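The figures here come from the full heavy-atom set of this structure, side chains too, leaving out hydrogens, waters and symmetry mates. Since the structure is predicted, the reported quantities are computational estimates derived from the model, not experimental observations. Each chain gets a letter, A, B and so on, in the order its sequence line appears, and its residues count up from 1.
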Amino acid sequence: MPELPEVETIARDVRPLLEGAAFQSARVLKPDILRGVTRSAFERALAGRVVRAVGRRAKHLVILLDDGRRVVIQPRMTGSLLVTRRGGRRDPYAAIEARLSTGGLLTYRDVRRLGAVHLLTPRAWERYTARIGPEPLEPDFTAQRLAAALADGTLAVKKALMDQRRLAGVGNIYANEALWRARLDPSRAARSITAGEARRLHRALRTLLSGAIRRRGTTVRDYRTGTGEAGEYQSRLDVYGRAGLPCRRCGEAHRIAVTHAIDARATYFCPGCQH
DNA sequence: ACGAGGTCCTGCGAGC
DNA sequence: TGCTCGCAGGACCTCG
């Protein structure tokens with residue numbers, strides 16, 4: 001499930017293949033993934049446009065066109081973006097295909113189609129990005145800013161971490177991992193996190209997310225990089241998916257537990273060392 | 001203002 | 001073996 005490191009990996013993979021290339025044509029094969037734009041309007045908008053930049057904001061891929069508009073792709077659970085040579089086998093899960101002037105084919109595929117694709121004017125993009133919280137890997141994201149994002153919440157700290165208005169890009173896997181690293185109980189009220197704990201969590205988040213980017217993301221099931229491969233970080237996970245296994249800090253003394261008490265999501269934690 | 005729960009969607013694995 | 005069913009869950013929604 002693409003979170004920040006996965007979307008960043010996809011962006012880095014497709015960037016050199018897209019920037020400077022023109023879309024010759026685009027076809028929307030599964031129109032229900034489009035938001036706020038019709039199939040025909042989307043296809044017309046892409047035709048002839050040159051890609052000026054490819055980036056990431058939170059868990060969204062952002063393709064900046066030469067007319068200032070942006071194609072914003074939110075892969076959610078099972079979305080992936082891939083550039084291939086043309087003439088390959090038909091992908092039954094392809095939602096959008098766009099032919100490139102370089103001879104390549106850009107495909108957005110999404111098995112469950114929970115993803116969303118927007119076409120945004122500069123003004124609409126400003127409104128869109130303003131609703132998302134700070135980027136945790138930006139240099140100006142300090143422990144104080146993290147503490148501020150958590151300060152007003154009676155909700156569980158894990159849920160606060162995953163709230164995209166408070167903090168950008170963290171989903172279920174990395175929220176579990178960051179809280180284990182910071183030795184914090186996921187069910188703690190967000191506002192109960194002290195300044196010192198926020199510093200621990202801040203450090204945990206930054207090292208975790210940058211480490212996961214270096215390993216090209218975490219593939220549990222569906223996630224693929226921009227070159228169609230699995231990520232490499234799944235073998236490094238400390239808690240996610242490790243229910244019943246010994247805690248990597250406590251050893252045999254404590255085993256990883258799983259609960260669905262927080263927002264009905266799978267929460268993995270060590271009862272021995274997370275408080 | 002908050003939490004709880006529903007919704008979208010399809011593949012997969014557990015269980016009978 | 002073949003079927004049903006629940007689960008995976010990010011973001012958004014409504015309801016109380």
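- By the neighbour-count criterion of 12 heavy atoms within 6.0 Å, atom CZ of A/R90 is densely surrounded, having more than that number from other residues, nucleotides or ligands.
- For A/R27, the CZ atom counts as loosely surrounded, since its 6.0 Å shell holds 12 or fewer non-hydrogen atoms of other residues, nucleotides or ligands.
- One atom, CG of A/D222, and another, P of C/dA8, lie 14 Å apart when rounded to the nearest Å.
- As rounded to whole Å, 14 Å separates atom P of B/dA1 from atom CG of A/D163.
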Could you run through nucleotides 11-16 of chain C and give me one letter per nucleotide, 5' to 3': B if any protein heavy atom sits under 4.0 Å from the base, S if only the sugar-phosphate is that close, - if neither?
B-----
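- The CD atom of A/E6 lies 6.5 Å from the CD1 atom of A/I173; values are rounded to the nearest 0.5 Å.
- The nearest pair of heavy atoms linking A/D110 to A/G115 is OD2-N, 3.0 Å.
- Between A/H260 and the phosphate of C/dA8, there is a side-chain N or O to OP1/OP2 separation shorter than 4.0 Å.
- An angle of 60°, rounded to 10°, separates the two end axes of the helix from B/dC2-C/dG16 to B/dC16-C/dG2, each defined over five pairs.
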Identify each atom pair where a protein N or O and an N or O of nucleotides 10-12 of chain B are less than 3.5 Å apart, giving names and distance.
{"unit_1": "B/dT10", "atom_1": "OP1", "unit_2": "A/R113", "atom_2": "NH1", "d": "3.1"}
{"unit_1": "B/dT10", "atom_1": "OP1", "unit_2": "A/R113", "atom_2": "NH2", "d": "3.0"}
{"unit_1": "B/dG11", "atom_1": "OP1", "unit_2": "A/Y93", "atom_2": "OH", "d": "2.2"}

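- When rounded to the nearest whole Å, the span between CZ of A/R35 and P of B/dC8 equals 12 Å.
- The shortest non-hydrogen separation linking A/R166 to A/D152 is NH1-OD1, 2.8 Å.
- Annotation: the span from A/I256 atom CD1 to A/R248 atom CZ amounts to 8.5 Å, rounded to 0.5 Å.
- Applying side chain to side chain donor-acceptor pair (under 3.5 Å) to A/T218 and the options A/Y174, A/Y223, A/Y233 leaves one that passes, A/Y174.
- Within the cation-pi definition used here (under 6.0 Å to the ring centroid, within 45° of the axis), A/R249 qualifies as a partner of A/W180.
- Atom CZ of A/R206 sits in a crowded spot, with more than 12 heavy atoms from other residues, nucleotides or ligands closer than 6.0 Å.
- Contacts of A/A116 with the nucleic acid, taken as non-hydrogen atoms under 4.0 Å apart, are absent.
- Rounding to whole angstrom units, CG of residue A/D32 and C1' of B/dC8 are separated by 9 Å.
- If you take CD1 of A/I262 and P of C/dA8, they are 14 Å apart, rounded to a whole angstrom.
- Protein atom CG of A/D263 is 10 Å distant from nucleotide atom P of B/dG5, rounded to whole Å.
- More than 12 heavy atoms of other residues, nucleotides or ligands shown are found within 6.0 angstrom of CZ on A/R200.
- A donor-acceptor contact closer than 3.5 angstrom is absent between the side chains of A/S80 and A/R224.
- If you take CG of A/D152 and C1' of B/dC2, they are 11 Å apart, rounded to a whole angstrom.
- Residue A/T154 is classed as a sugar-phosphate contact, given heavy-atom separations below 4.0 Å to backbone atoms only.
- C/dC7 atom C1' lies 10 Å from atom CE of A/M77, rounded to whole Å.
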